[in-house]
Amino acid sequence: MIETPQSFAATPDVDPGGDVLAEMLRSIRLSGAVFLSASLTEPFGLISPRHFDERTPMAHLRHVSIFHLISAGECTVELASGQRETIRAGDVLLMPFADAHTFSKGQGGELGSALDLVRAGPLSGMWNITHGGGGPETRMVCGFIESSELLYSPVFRTLPPLLIDRTGDDKVSALLTTTVREILSLTTDATPGSEIMLGRLMELLFVEVLRRYAAGLPESAHGWFAALNDPMLGRAMWHVHGNPGRRWTVHDLAREVGTSRTVLAERFNEVLGQTPIEYVTSWRMQLAAERMRMGTDGLAVIANDVGYDSEAAFNRAFKRVTGIAPGRWRDGARSAQPYPRPMRQESSSR
């Protein structure tokens with residue numbers, strides 16, 4: 001059962017944006033791992049493909065985001081879109097959708113595919129790559145975050161295709177820097193049991209990078225992370241996430257955050273590109289999908305918990321949003337099939 005927090009009015013010191021981010025991350029069940037250590041010497045070119053085949057440790061995963069931690073040297077990373085960035089020791093790269101990208105430095109180097117160059121490493125699930133022409137070295141450690149996202153999960157789909165966090169020695173960077181150093185140290189030492197610790201550290205790194213990204217957005221930004229920083233939207237999202245089973249209307253939600261229905265609807269559309277009730281529905285579907293995947297509760301119980309008057313109403317809503325019936329989705333999720341993608345957003349809560 002989903003716990004309902006106290007009213008926001010009773011907890012004035014609570015940061016609603018921080019609570020919403022934490023709740024969303026819990027709902028998508030993050031799990032992390034370090035899977036690769038690479039030594040690249042100039043000149044070099046290394047292609048990391050969009051999809052990984054059965055030779056890689058990520059072939060069975062559903063949604064994967066990739067991390068690259070640059071521990072020494074520098075090089076250029078280029079996305080399939082043509083975006084190019086220079087990256088250096090201390091930089092943390094996050095690619096929310098693991099799209100194809102290339103690392104390179106120098107002229108005339110051999111262009112190799114990561115799929116052809118990976119070799120088994122000293123830890124279970126850890127692979128190594130040594131590649132290049134023998135010049136100055138760039139070293140990196142690569143990890144992934146797997147999630148059980150459903151639909152368009154805003155945690156990932158409102159992030160840029162490449163997010164670079166350049167760590168430093170300031171207090172704001174302290175946690176991120178410490179986490180990165182610990183990951184690099186454990187990868188180098190390769191002691192028994194390190195795999196578990198590395199996975200937890202990757203999850204911590206992911207959360208911290210997201211928090212820093214959200215905190216650094218300008219007031220004019222749009223998307224889910226921008227909404228966390230918006231006083232009105234952050235408060236509204238806090239109420240929805242804390243009590244998804246309530247029979248929300250725009251009027252009720254506007255009253256909770258101290259504004260009018262018109263102002264709230266306009267702000268949702270401006271920053272999130274959807275209506276308040278569409279947001280309510282998307283959150284309910286994420287929670288319901290996770291309950292179906294992980295638990296044994298029947299659909300009638302789940303439907304009631306996430307705010308639907310009947311199992312039939314929930315079934316209709318779920319199928320409108322996902323294009324697939326809940327029972328069929330549950331069977332596919334439990335058999336480790338890829339999650340279905342949305343056909344369209346529904347426009348009413350039930």
What are the two closest non-hydrogen atoms of [X] and [Y], and how far apart are they?
X: His222; Y: Glu270; value: CD2-O, 2.6 Å
X: Ile145; Y: Gly32; value: CD1-CA, 3.8 Å
X: Leu264; Y: Ala236; value: CD1-CB, 4.3 Å
X: Ala226; Y: Ala221; value: CB-O, 3.4 Å
X: Asn128; Y: Ala120; value: ND2-O, 4.4 Å
X: Pro96; Y: Leu159; value: CG-CB, 3.6 Å

Main-chain N/O of [Y] paired to [X] side chain as donor or acceptor, under 3.5 Å:
X: Thr281; Y: Ile277; answer: yes
X: Asn315; Y: Pro326; answer: no
X: His241; Y: His239; answer: no
X: Thr191; Y: Ser194; answer: no
X: Thr138; Y: Glu74; answer: yes

Do [X] and [Y] sit in one hydrophobic cluster, given that two such residues count as connected whenever their side-chain heavy atoms are within less than 4.5 Å of each other, even indirectly?
X: Val240; Y: Met232; value: yes
X: Phe144; Y: Ile47; value: no
X: Met237; Y: Val207; value: yes
X: Leu115; Y: Leu111; value: no

Is there side-chain contact between [X] and [Y], with heavy atoms separated by less than 4.5 Å?
X: Pro43; Y: Gln107; result: no
X: Thr179; Y: Phe206; result: no
X: Phe35; Y: Val118; result: no
X: Cys75; Y: Ile87; result: yes
X: Val180; Y: Phe67; result: no
X: Val141; Y: Thr188; result: no
X: Leu186; Y: Glu182; result: yes
X: Ser65; Y: Leu94; result: yes

Test log, rule side chain to side chain donor-acceptor pair (under 3.5 Å), inputs Trp248 and Tyr279: CA-CA 11 Å; Trp248 288 108; Tyr279 187 84; over 6 Å; no
So does [X] pair up with [Y], basic N to acidic O under 4.0 Å?
X: Asp91; Y: Arg88; answer: no
X: Asp309; Y: Arg247; answer: yes
X: Glu208; Y: Arg211; answer: no

message: Taking ring pair (Phe, Tyr, Trp, His ring centres under 6.0 Å) as the definition, give me every residue that meets it alongside Phe44, ordered by chain and number, with sequence neighbours left out.
response: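 If we apply the ring pair (Phe, Tyr, Trp, His ring centres under 6.0 Å) test to Phe44, skipping adjacent residues, there are no hits.
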message: Suppose we screen for ring pair (Phe, Tyr, Trp, His ring centres under 6.0 Å). Which residues come up paired with His131, at least two apart in sequence or across chains?
response: none
query: How far apart are the C-alpha atoms of Thr76 and Lys105, what are their side-chain angles, what is the distance that settles it, and do they pass the side-chain contact (heavy atoms from CB on, under 4.5 Å) test?
result: CA-CA 6 Å; Thr76 297; Lys105 188 177 182 184; over 6 Å; no
Could you give the distance from [atom1] ([X]) to [atom2] ([Y]), rounded to the nearest 0.5 Å?
X: Met202; Y: Glu146; atom1: CE; atom2: CD; result: 13.0 Å
X: Leu184; Y: Leu69; atom1: CG; atom2: CG; result: 6.0 Å
X: Arg328; Y: Lys319; atom1: CZ; atom2: NZ; result: 8.5 Å
X: Leu46; Y: Ser113; atom1: CG; atom2: OG; result: 7.5 Å
X: Thr41; Y: Arg139; atom1: OG1; atom2: CZ; result: 11.0 Å
X: Asp165; Y: Leu205; atom1: CG; atom2: CG; result: 8.5 Å

query: Would you call the rings of Phe225 and Tyr213 parallel, tilted or perpendicular, where under 30° means parallel and over 60° means perpendicular?
result: perpendicular
field: Residues Thr275, Val250; criterion side-chain contact (heavy atoms from CB on, under 4.5 Å); working and verdict
entry: CA-CA 9 Å; Thr275 70; Val250 180; over 6 Å; no
field: CA sep, side-chain torsions, deciding dist, call: Leu79, Met95, side-chain contact (heavy atoms from CB on, under 4.5 Å)
entry: CA-CA 10 Å; Leu79 306 187; Met95 297 181 177; 3.9 Å; yes
- prompt: Considering the options Glu78, His68, Gln83, which one meets the side-chain hydrogen bond (donor to acceptor under 3.5 Å, both in side chains) requirement together with His101?
  reply: His68
Arg261 atom CZ, over 12 foreign heavy atoms within 6.0 Å: no
message: Could you walk me through whether Leu93 and Met140 satisfy the side-chain contact (heavy atoms from CB on, under 4.5 Å) test, starting with their C-alpha distance in whole Å, then the side-chain angles of each, then the deciding distance to 0.1 Å, before giving a yes or no?
response: CA-CA 10 Å; Leu93 282 63; Met140 67 180 71; over 6 Å; no
